[in-house]
There are 2 protein chains.
Amino acid sequence: MHAAVLRYFDHVARHGSIRKAADALSVASSAVNRQILRLEDEMGVALFERGRSGVRPTAAGELLLRHVRETQNEYQRTRAEIASLGGTVSGDVRIISLESMLVRFLPQVVDEVSARHPKVTFTVLAVHPSEIGEALRSGDNDFGVLFVDARHRGVDVIAEFPTSVGALMRPDHPLAGRKSLTLTECVGHPVVMLQDRWLLDAIMAMEFSGSGARLSPRVVSNSIEFMRQVIRSGLGIGFFTPIGFIEEIRRGELVHVPLAEPGLAQSRIGILVPRYRRLSPPARLMINHISERLGAFADFLAAPPRRRRRGRS
Amino acid sequence: MHAAVLRYFDHVARHGSIRKAADALSVASSAVNRQILRLEDEMGVALFERGRSGVRPTAAGELLLRHVRETQNEYQRTRAEIASLGGTVSGDVRIISLESMLVRFLPQVVDEVSARHPKVTFTVLAVHPSEIGEALRSGDNDFGVLFVDARHRGVDVIAEFPTSVGALMRPDHPLAGRKSLTLTECVGHPVVMLQDRWLLDAIMAMEFSGSGARLSPRVVSNSIEFMRQVIRSGLGIGFFTPIGFIEEIRRGELVHVPLAEPGLAQSRIGILVPRYRRLSPPARLMINHISERLGAFADFLAAPPRRRRRGRS
DNA sequence: GCGGTGTGCTGCCATTTCGGCATCGCCCGT
DNA sequence: ACGGGCGATGCCGAAATGGCAGCACACCGC
C-alpha cells in the first residue's frame with residue numbers, strides 16, 4: 001500500500017549508504033538513488049549529507065525519517081488489527097527482554113500462546129541495557145519484559161511483579177543456609193558474572209565504594225546458559241532473579257538467597273511499553289499471557305522456597 | 001511522497017461513492033476503482049460494502065482509514081516542521097472556534113501572526129457544538145478555541161482563561177444597571193438567541209425546569225453579526241461572552257451584565273488540543289499568540305467595565 | 001604514482017504500473 | 001420499460017519504475 005520510497009528511505013538511513021541499502025533491498029542502486037533524489041526534490045531540502053563514504057541524514061532527514069518509521073510501524077499494527085478482526089489473532093509481536101527471562105520463562109509462554117494462536121509470530125530479542133530506552137522508544141518493539149527502572153523516560157509500566165535479585169548457588173555452598181546476604185558478605189567467595197549486562201554493576205560500585213573490597217569473578221560470560229552450568233558445577237555464586245532458574249530451585253539443585261541490598265531485594269520485573277503506543281492485538285494477547293504466568297510465579301519471584309516442595313501452593 | 005491510493009481511499013470513504021470521489025480528485029472513476037480493488041486484494045479483506053447507492057467502509061476499512069488519515073495528518077505536520085527548520089515558520093494551521101471568537105477576536109490575531117509570518121496559512125472553522133469532539137479527535141484540526149467543557153474526552157486544555165457569559169444589551173435597557181442577573185430575571189424581556197448553538201440550551205433547561213417560566217425569543221438567528229445589529233438596535237437581550245463585543249462595550253454602545261448562574265458566571269475559554277497530538281510549528285506559534293492576546297483581555301473577559309473609560313487599565 | 005575499491009550520480013532501455021475512455025451488468029425510482 | 005445512478009472490466013496510450021552500464025570522484029595499499 002505505501003510507496004516503495006518509504007522503505008528505500010528508511011533502508012538508506014539505516015545502512016548509511018545508498019548502494020548498501022539497494023543491496024539489502026535487492027534493487028539496483030540507481031533506482032534507490034533516483035527515489036531519494038526525487039524525494040528531496042519534493043521536500044525542497046536535502047535529506048542526506050553526501051560524504052565520501054556514504055550518506056548521513058540531515059536535520060530535515062531525521063524529521064522525515066521519524067514520520068516514515070512511525071508510518072511503517074502503524075501500518076504493521078493496523079494490518080495485525082485487521083487480520084485479527086475475524087476472531088483469530090494474527091500478526092507479529094516484537095518483544096525485548098532480560099536475558100534471564102529469555103532463556104527459560106519466555107520460551108514457555110511463547111510456546112503456549114503459539115499453540116493457541118498459530119497465526120501469531122514472535123520476535124524476541126535480548127537487548128543491552130544501554131539500548132533499552134532507544135529500543136522501546138523507536139517504536140520497533142511492542143513491549144519489553146525488563147527490570148522496572150525509574151530512569152526510563154517516555155515508557156509506561158503496564159504491569160509489574162516484585163522479585164528479588166539474589167545469590168544463586170549449590171545447596172552445599174557455605175552460604176546456602178543463609179536467609180539473606182549482602183554483596184559484602186560474598187566477598188571472598190568466587191562468583192560468576194554476566195559481562196557488563198545490567199544494573200548490578202552500578203549497585204556494586206556503590207556497595208563497594210567505601211570499602212576496598214571486591215567480588216572476585218572466577219568466571220565472566222555473556223551466556224546465561226553457560227553460567228547456569230558453571231553454577232551447577234559449583235564453581236561460584238551467580239546473581240540473578242530466580243525466574244530463569246525455577247526448575248533447578250524446585251528440584252533442589254540450586255539455592256536462591258535474596259540479597260539484602262535495597263533496590264536489589266525489592267527489584268521489580270515489569271512489562272514496559274512505549275508511551276502513547278497503541279498495542280496490536282497479538283501484543284495485547286502476549287502481554288496478558290505473560291502477566292498471568294508471572295502472577296502464578298509471584299511467590300517464586302519474591303521469595304523462592306529454599307528447599308524442594310510439592311505443588312505450587 | 002505517499003502513494004496516491006491513500007488519498008483515493010480517504011476520498012472514497014468521505015464521499016461514500018467511488019465516482020464522487022474520482023470526480024473530486026479529478027481522475028477517472030475506473031482508476032480510483034482499480035486502486036481500491038488492488039488495496040482490498042493486498043489487505044485480503046473487503047474494505048467497503050458495495051451498496052445500491054455507493055460504498056460504506058467495513059470494520060476493516062474503518063481501521064485502515066484511521067491509519068491512512070493519521071498518516072496524512074502526520075505527513076503534513078512533518079512537512080511543516082521541515083519547512084520551519086530554516087527559522088521562518090511555515091505551514092497551515094487548522095483551528096476550530098466559537099463563532100463569537102471567530103468574528104472579532106481571531107481575525108485580529110490571524111492578521112498579526114500573518115503579518116509577522118507570511119508563509120503561514122490559516123484554516124479557521126466554526127463548528128457545531130455537537131461536532132466539537134469529533135472535529136478535535138479526528139486529527140484534522142490542530143486545536144480549538146472553545147468553551148472548556150469537562151465532557152470532552154481525549155482532549156487536553158493547554159491554556160484557559162476565565163470569562164463570564166452575560167446578558168448583552170443597550171445601555172438604556174431596564175436591566176442595564178444591574179451588577180448581575182439570573183436567567184429567571186430575564187423572563188419577560190425579549191431576548192435574541194443563537195439557533196441551538198451551545199451549552200446555554202442545556203443550562204436554560206435546568207434553570208427553568210422547576211418554574212414554568214420561559215425566555216421569550218424575539219429573534220432567533222445563527223449569525224453573530226446579525227444578532228450584533230439586532231441587539232444594538234434595542235430589540236432584545238443576547239447572551240454571550242464579552243469577547244466578541246469588546247469594541248461596542250468599550251465605546252459604551254452595549255452593556256454586558258454577567259449571569260449569576262454558576263457554570264455560566266465562571267465559564268472558561270480555553271485552547272483545546274487532541275490528546276497525544278504533536279503540534280506543528282505554526283500551530284504552536286498561533287497558540288502562543290492567542291494565549292497572549294487572551295491574557296491581555298483577561299480583565300474584559302472576566303468582568304468588562306460597565307461604562308466607557310480610557311486606557312486599558 | 002597507480003590500480004583497486006568504494007561512493008553517488010546519470011543516460012539508455014525494457015518492464016511495469018497507472019490513468020482515461022468506453023462499456024457492461026446491476027439495481028432502483030419513475 | 002426506461003433512465004440514471006452505481007461499481008467493475010477490457011483496451012490502449014502515457015507515465016513511472018527498475019536494471020545495466022558507465023561516469024566522476026575520493027580513499028587506501030602497494
Side-chain angles (χ1 to χ4, degrees), chain A residues 1-62 64-65 68 71-72 75 82, chain B residues 1-65 68 71-72 75 79 82:
Chain A
M1 172 176 101
H2 285 293
V5 66
L6 302 196
R7 228 157 20 95
Y8 292 6
F9 181 57
D10 181 28
H11 273 69
V12 169
R14 281 191 202 281
H15 289 91
S17 154
I18 293 181
R19 290 185 116 104
K20 298 251 182 67
D23 201 44
L25 288 161
S26 302
V27 289
S29 69
S30 60
V32 176
N33 186 21
R34 264 191 288 258
Q35 292 277 8
I36 299 297
L37 290 175
R38 200 176 59 84
L39 188 58
E40 288 182 320
D41 186 61
E42 181 182 337
M43 293 293 150
V45 292
L47 299 172
F48 291 104
E49 284 175 4
R50 273 71 172 175
R52 305 313 163 208
S53 67
V55 295
R56 203 166 51 89
T58 63
E62 295 283 3
L64 191 61
L65 207 50
V68 165
T71 297
Q72 290 175 325
Y75 176 62
I82 291 176
Chain B
M1 174 177 99
H2 284 294
V5 65
L6 302 196
R7 232 160 14 98
Y8 292 6
F9 181 56
D10 181 27
H11 273 70
V12 169
R14 281 191 203 282
H15 289 91
S17 152
I18 291 181
R19 291 184 114 103
K20 298 251 183 65
D23 201 43
L25 289 161
S26 302
V27 291
S29 68
S30 61
V32 176
N33 185 21
R34 262 191 290 260
Q35 291 279 6
I36 299 297
L37 290 174
R38 200 178 58 83
L39 189 57
E40 288 182 319
D41 186 60
E42 182 183 337
M43 293 294 149
V45 292
L47 299 172
F48 290 105
E49 284 174 4
R50 272 70 171 176
R52 292 69 191 133
S53 66
V55 295
R56 203 166 51 88
T58 62
E62 295 283 4
L63 287 173
L64 191 61
L65 207 49
V68 166
T71 297
Q72 289 174 323
Y75 177 62
R79 290 218 57 163
I82 290 176

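Contact annotation: A:Arg52 does not reach the phosphate of C:dG8 (side-chain N/O to OP1 or OP2, under 4.0 Å). The phosphate of C:dA22 (OP1 or OP2) has no side-chain N or O of B:Ser30 nearer than 4.0 angstrom. Residue B:Ser53 places no side-chain N or O under 4.0 Å from the OP1 or OP2 atom of D:dG5. An OP1 or OP2 oxygen of D:dG7 is reached within less than 4.0 angstrom by no side-chain nitrogen or oxygen of B:Asn33. Of the side-chain N and O atoms in B:Arg38, none sit less than 4.0 angstrom from OP1 or OP2 of C:dT17. Contact annotation: B:Tyr8 side-chain N/O to C:dC18 OP1/OP2 distance is not under 4.0 Å. In this structure, B:Gln35 reaches the C:dG19 phosphate: one of its side-chain N or O atoms is under 4.0 Å from OP1 or OP2. Considering only side-chain N and O atoms, B:Lys20 lies nowhere under 4.0 angstrom from the phosphate OP1 or OP2 of D:dG5.
In this entry the distance linking CG of A:Asp41 with P of C:dC9 reads 13 Å, nearest Å. The distance between atom CG of B:Asp23 and atom P of C:dG20, rounded to the nearest whole Å, is 12 Å. Rounded to an integer number of Å, the gap from A:His11 NE2 to D:dG18 P is 14 Å. The distance from atom CD1 of B:Ile18 to atom C1' of D:dG5 is 13 Å, rounded to the nearest whole Å. Summarising the geometry, the separation between CD on A:Glu42 and C1' on D:dA16 is reported as 14 Å, rounded to the nearest angstrom. The distance between atom CD of B:Glu49 and atom P of D:dA8, rounded to the nearest whole Å, is 13 Å. To the nearest angstrom, P of D:dG5 lies 16 Å from NE2 of B:His15. One atom, CG of B:Leu6, and another, P of C:dC18, lie 12 Å apart when rounded to the nearest Å.
Summarising the geometry, atom CD belonging to A:Glu49 is positioned 4.5 Å from atom CZ belonging to A:Arg56; distances are rounded to the nearest 0.5 Å.
Across all strands shown, A:Phe48 has no heavy atoms under 4.0 Å from either base or sugar-phosphate atoms. Residue contacts shown for A:Val32 are absent, as no nucleic acid heavy atom lies under 4.0 Å away. Looking at heavy-atom distances under 4.0 Å, B:Leu37 makes contact with sugar-phosphate atoms alone, never a base.
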Pair A:Arg7-A:His2, side chain to side chain contact (heavy atoms under 4.5 Å, CB included): steps then yes or no: CA-CA 9 Å; A:Arg7 228 157 20 95; A:His2 285 293; over 6 Å; no
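For the pair A:Arg19 (side chain) and A:Ser17 (backbone), a donor-acceptor distance under 3.5 Å is absent. Side chain of A:Thr58 to main chain of A:Ala46: a donor-acceptor pair is present (N/O by atom type, distance under 3.5 Å, no hydrogens or angles). Panel note: side chain A:Arg50, backbone A:Phe48; a donor-acceptor pair is recorded below 3.5 Å.
For B:Arg19, whose side chain is taken as the heavy atoms from C-beta onward, the closest listed nucleotide among D:dG19, D:dG7, C:dG8 is D:dG7.
Using a cut-off of 4.0 Å between Lys/Arg side-chain N and Asp/Glu carboxylate O, B:Glu40 and B:Arg34 are scored as not salt-bridged.
The base of D:dG7 lies outside donor-acceptor range of the side chain of B:Arg34, with no N or O pair under 3.5 Å.
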